[in-house]
Amino acid sequence: MSRAVLRFVPHTIRHVPDGGVTFETFCVASGCDGSSGPQEEQDTAQDWCLCHAGRTGHDLFRRVVTDHARVTRNE
């Protein structure tokens with residue numbers, strides 16, 4: 001039987017600005033598969049929701065925000 005010594009190493013996770021942020025909205029009305037597609041601006045994705053709601057009467061959407069993060073050791 002072998003033995004191991006484990007130690008806790010604290011880490012930090014932070015947003016990486018260079019990676020950018022992507023905004024996307026999806027209509028979740030039954031039978032609808034509409035989406036804004038990935039957008040660099042939040043307002044563009046939200047404007048798509050407003051236009052889609054006006055055209056279809058659909059009023060429920062899922063919003064997804066994606067960013068990049070880096071994990072680093074605190075040592």
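Side chains included, hydrogens not; waters and symmetry mates left out as well; all remaining heavy atoms used. Computed from a predicted structure; not experimentally measured.
- Arg62 has its side chain out of reach of Glu24: every pair of non-hydrogen atoms, C-beta onward, lies at least 4.5 Å apart.
- Residues forming a side chain to side chain contact (heavy atoms under 4.5 Å, CB included) with Asn74 (at least two apart in sequence, or on another chain): Pro10, Thr12.
- A distance of 7.5 Å separates CG in Leu60 from SG in Cys27, rounded to the nearest 0.5 Å.
- Defined by atom type and a distance below 3.5 Å, a donor-acceptor pair is missing between the side-chain atoms of Thr66 and Thr22.
- With rounding to the nearest 0.5 Å, the separation of CG in Asp59 from SG in Cys49 is 11.0 Å.
- Heavy-atom contacts from other residues, nucleotides or ligands closer than 6.0 Å to CZ of Arg73 number 12 or fewer.
- Val65 approaches Phe23 most closely through the heavy-atom pair CG2-CD2, 3.7 Å.
- Residues passing the salt bridge (Lys or Arg N to Asp or Glu O under 4.0 Å) test with Arg14: none are found, sequence neighbours excluded.
- Counting only heavy atoms from C-beta outward, the side chains of His15 and Val21 approach each other to under 4.5 Å.
- Looking at heavy atoms from C-beta onward, Thr25 lies in side-chain contact with Trp48 at the 4.5 angstrom threshold.
- Here the side chains of Ile13 and His11 are not in contact, with every heavy-atom distance at 4.5 Å or above.
- The shortest side-chain heavy-atom distance between Val64 and Phe26 falls under the 4.5 Å cut-off.
- Taking the six-membered ring wherever Trp is involved, the centroid distance between the rings of His52 and His58 falls below 6.0 Å.
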